[in-house]
Amino acid sequence: MAIVNLQDVTYKYPLTEEPAIRNIHLQVEEGEFVAIVGPNGAGKSTLCYTLSGFIPHFFKGELNGTVEIAGVETQKSSLDEWVLNVGLAFQNPFNQISGSKFTVYEEIAFGLENIGVPRGEMKARVEAAMAMTAISDLADRSPYSLSGGQQQRVALTSILVMEPKVLVLDEPTSQMDPIGTREVFQVIKEMSARGMTVILVEHKIEWIAEFADRVIALHNGEILLEGTPGEVLTSPLLPERGFGISRYTSVARTASGQGLWPGDRRLPITLQEAVDGFARDRK
Amino acid sequence: MKDKLTFYIERESSLHRVNPLTKLVMVFAFIILAFFGPGFWLPSLLVVLGIIPLSFLGRVQREYFRTAGRLLLPVVGFLFLMQSVFHPDVGDSRVLLQVWVLNVTVEGVRFAYLTASRIFVMVSAFILFLLTTHPSELMSDLTRRGLSGTFAYVITATLQIIPQMQAKASTIIDAQRSRGLDTDGSFRKRVGALLPLTGPLVFGSLVEVEERAIAIEARAFTSKLEKTSLREIPDTKLDKAARWFFLLLIVLAFGSKLWPS
Amino acid sequence: MKLTESIKKDFNTMTWVLIPVAIAINVVIGQIVAILKLPVYLDSIGTVLVAAVAGPWAGALTGTLSNIIWGLAIDPNAFPWFPVALFIGFVAGWCAIGGLFKTWWKVVIAGFLIALTAAIVSTPIAVYLYGGITASGSSFITAYLLETGKGVVQAVFSTNFLVEPVDKIATALLAYAIIKGLSKRYLARFPRAENVS
């Protein structure tokens with residue numbers, strides 16, 4: 001059975017006229033890695049907040065349809081219970097630091113303190129989580145003294161240590177340089193490999209192509225396309241509707257117009273696919 | 001403006017190892033004894049025989065004298081001078097010397113000395129406490145004893161945010177100075193400088209509030225489950241005994257005030 | 001409304017996260033004002049801000065903690081004055097509930113009420129702890145009044161009453177200006193947003 005189940009979900013923020021997302025149907029299987037793409041204002045963050053319970057519990061407003069995760073319905077639950085099932089991390093790593101802890105180690109323990117995990121188990125879980133995200137060497141540093149990529153890994157670790165069933169990530173690398181992005185994606189990949197359900201909003205298309213099982217294209221608050229990365233990310237609909245697409249896809253599409261890329265071959269998304277594709281024709 | 005917002009000095013000492021609550025009760029015992037206890041010399045004795053020896057026990061004597069000197073000498077000195085000079089003249093007290101139209105009386109000097117020594121006890125007892133107690137440790141200990149976790153969050157978060165904002169403020173002040181801001185300019189110019197200096201700082205920090213609220217909620221900040229603490233804080237039988245002893249001193253101090261003499 | 005309900009109403013997670021920021025605003029603006037050598041303190045703008053959007057109890061807590069933190073981290077001389085800060089927040093919160101944070105001229109009234117409160121609450125502290133003469137510059141006025149034969153309580157209160165209104169009216173107006181600069185959507189997350197809209 002699907003761990004995430006959204007049925008006909010429509011949501012309107014307070015003081016607004018238009019719904020930010022509408023008629024969303026979404027099922028995610030346990031262990032699946034789903035990526036969400038879309039132009040600005042498509043409702044990506046709204047969808048993330050809906051999945052993570054902040055809609056409706058924090059933002060109020062008007063939520064219709066059913067949002068169900070791990071068999072619990074959001075309207076019938078409270079935020080403090082909901083967050084135990086669904087972890088959320090977002091763009092700005094600085095704002096995700098609790099601000100009340102003096103070291104990274106304490107920072108990661110913050111969530112476990114809040115849910116009353118006994119001290120011995122707490123330490124074991126914090127250390128295991130830090131080892132997994134390769135930040136053990138930062139344990140005694142102040143969370144404020146870290147680079148953006150390090151801070152984001154601390155933020156992710158702080159969520160992972162709580163062992164949520166579903167991890168929701170809203171553009172976690174949008175403020176990262178290439179090195180920070182790589183570090184963060186290594187953590188996400190590791191989580192996914194361990195069987196965690198991951199829902200990721202991301203505009204770095206090449207990374208999605210590499211990791212995601214399924215891609216959902218969101219446009220004007222509605223699902224426009226849904227399918228494998230290969231199907232969705234190379235669809236000609238995306239550039240028409242203002243989505244950012246991979247530069248390799250766009251080059252190959254131009255090449256295809258001039259007969260340099262066979263029309264029956266799927267367009268490439270990553271550099272490697274493009275190289276392989278073009279190289280094949282030269283032989 | 002410093003980058004760290006605590007007085008705490010990390011060091012191995014028996015005073016550092018004392019339970020934070022015990023130290024806090026001790027501080028209050030000192031203050032209440034100084035203000036309500038009997039005797040003109042009691043506050044001075046508390047400093048000489050209590051607080052200063054304890055600063056050696058905590059191996060923070062140098063920091064203690066430096067901090068107390070920096071924070072207290074100007075205040076206490078000013079108080080002492082002003083009150084010696086301006087203490088209301090009751091008429092029958094002995095005049096020590098005359099300054100302009102003012103009489104410095106024995107009564108005035110005694111009053112000034114007592115006030116100054118009391119303030120000295122109050123502030124320097126806190127300095128000693130802060131030098132030897134990490135704020136996180138104090139908060140963890142108080143939380144374990146029933147202080148709400150959200151309350152502890154506010155204290156430790158504030159200690160972290162202030163230096164951040166001070167750093168940002170310095171950056172903004174430097175930037176504005178290089179654009180010609182003159183902190184010694186005319187009154188109107190200085191008033192005019194207030195908004196460009198504080199505006200970006202205030203709005204920038206307020207905007208962060210929403211995301212931070214979401215981030216800590218995502219980590220079960222409002223969970224109704226009973227909280228635990230990462231830090232293990234020592235609380236020995238000796239600590240408990242010491243707390244009772246200081247409480248007794250507090251009661252005696254108040255008692256001495258009520259006792260008809 | 002019952003007392004506990006009234007207190008609970010002030011506090012949601014937004015309030016808890018706002019309070020440290022508000023305290024930092026108190027401290028940092030207080031320091032900038034000192035650098036600019038302006039004849040005011042303006043060190044309770046954050047307190048008044050919290051009181052307006054979250055309520056009197058949150059305001060009182062912000063004021064109290066502001067003083068405690070100032071004492072813990074910057075200057076322990078600040079500790080004994082915490083009741084003044086507490087009442088500034090508390091009274092500002094009730095002013096907001098009473099609708100005094102909706103137009104600028106009403107905010108001036110709120111500032112005056114806050115000043116009056118501060119003058120009243122700081123008098124016994126100055127008299128009993130410091131014998132009337134504190135470590136601030138306005139003590140020269142108190143000393144002058146004492147010399148003219150005024151009683152110590154009267155001298156201290158008169159001094160406070162001369163000094164406070166300018167500072168607290170400016171404080172209230174600046175807090176109001178900040179609120180006006182924030183979006184409705186943002187303000188709506190606070191427990192008593194209706195007080196300022």
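In what follows, chains carry the letters A, B, and so on, assigned in the order in which the sequence lines appear, proteins first and then strands, with residues in each chain numbered from 1. Predicted model, so just to flag it, every value in this text is computed and none were measured.
The backbone N or O of C:Trp57 sits less than 3.5 Å from a side-chain atom of C:Asp10, completing a donor-acceptor pair.
For the pair C:Thr171 and C:Asp167, the minimum side-chain heavy-atom distance is below 4.5 Å.
The residue among C:Thr142, C:Leu65, C:Leu18, C:Leu129 with the most heavy atom pairs within less than 4.5 Å of chain B is C:Leu129. Heavy-atom pairs under 4.5 Å with chain C were tallied for B:Phe203, B:Phe35, B:Phe221; the largest tally goes to B:Phe203. The most heavy-atom pairs under 4.5 Å with chain C, out of B:Thr222, B:Leu194, B:Leu195, come from B:Leu194. Your options are B:Val202, B:Val207, B:Thr156, and the one with the most heavy-atom pairs under 4.5 Å with chain C is B:Val202. Ranked by non-hydrogen atom pairs under 4.5 Å with chain B, the options C:Ile19, C:Ile23, C:Leu38 are led by C:Leu38.
Neither the backbone nor the side chain of B:Ile214 comes within less than 4.5 Å of any heavy atom in chain C. Using a 4.5 Å cut-off between heavy atoms, B:Thr150 contacts chain C through both its backbone and its side chain. For chain B, no part of C:Ile45 is nearby; none of its heavy atoms comes within less than 4.5 Å. Of the two parts of B:Val76, neither the backbone nor the side chain holds a non-hydrogen atom closer than 4.5 Å to a non-hydrogen atom of chain C. For chain C, the nearby parts of B:Leu71 are the backbone and the side chain; heavy atoms of each come within less than 4.5 Å. Using a 4.5 Å cut-off between heavy atoms, C:Leu36 touches chain B through backbone and side chain atoms alike. Only the side chain of B:Leu201 comes within less than 4.5 Å of a heavy atom in chain C; its backbone stays farther off. The contact between B:Ile216 and chain C is made entirely by side chain atoms (from C-beta outward), counting heavy-atom distances below 4.5 Å. Both the backbone and the side chain of C:Val21 come within less than 4.5 Å of a heavy atom of chain B.
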Begin from the C-alpha positions of B:Leu72 and B:Ser124 and carry the test side chain to side chain contact (heavy atoms under 4.5 Å, CB included) through to its verdict.
CA-CA 8 Å; B:Leu72 268 166; B:Ser124 78; 3.8 Å; yes
Full working for side chain to side chain contact (heavy atoms under 4.5 Å, CB included) between C:Phe79 and B:Val123:
CA-CA 8 Å; C:Phe79 282 124; B:Val123 177; over 6 Å; no
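Note on ring orientation: taking the six-membered ring where Trp is involved, the planes of B:Phe78 and C:Phe140 are perpendicular (angle over 60°, cut-offs 30° and 60°).
Checked against a 6.0 Å centroid threshold, the rings of C:Phe11 and C:Trp16 count as neighbours. Ring centroids of B:Tyr113 and B:Phe40 are separated by less than 6.0 Å, placing the two rings close together.
Taking the centre and axis of the six-membered ring of C:Phe87, the NZ or CZ atom of C:Lys168 falls outside the cone set by 45° and 6.0 Å.
Between B:Glu208 and B:Lys168 there is a salt bridge, since at least one side-chain N of the basic residue sits less than 4.0 Å from a carboxylate O of the acidic one.
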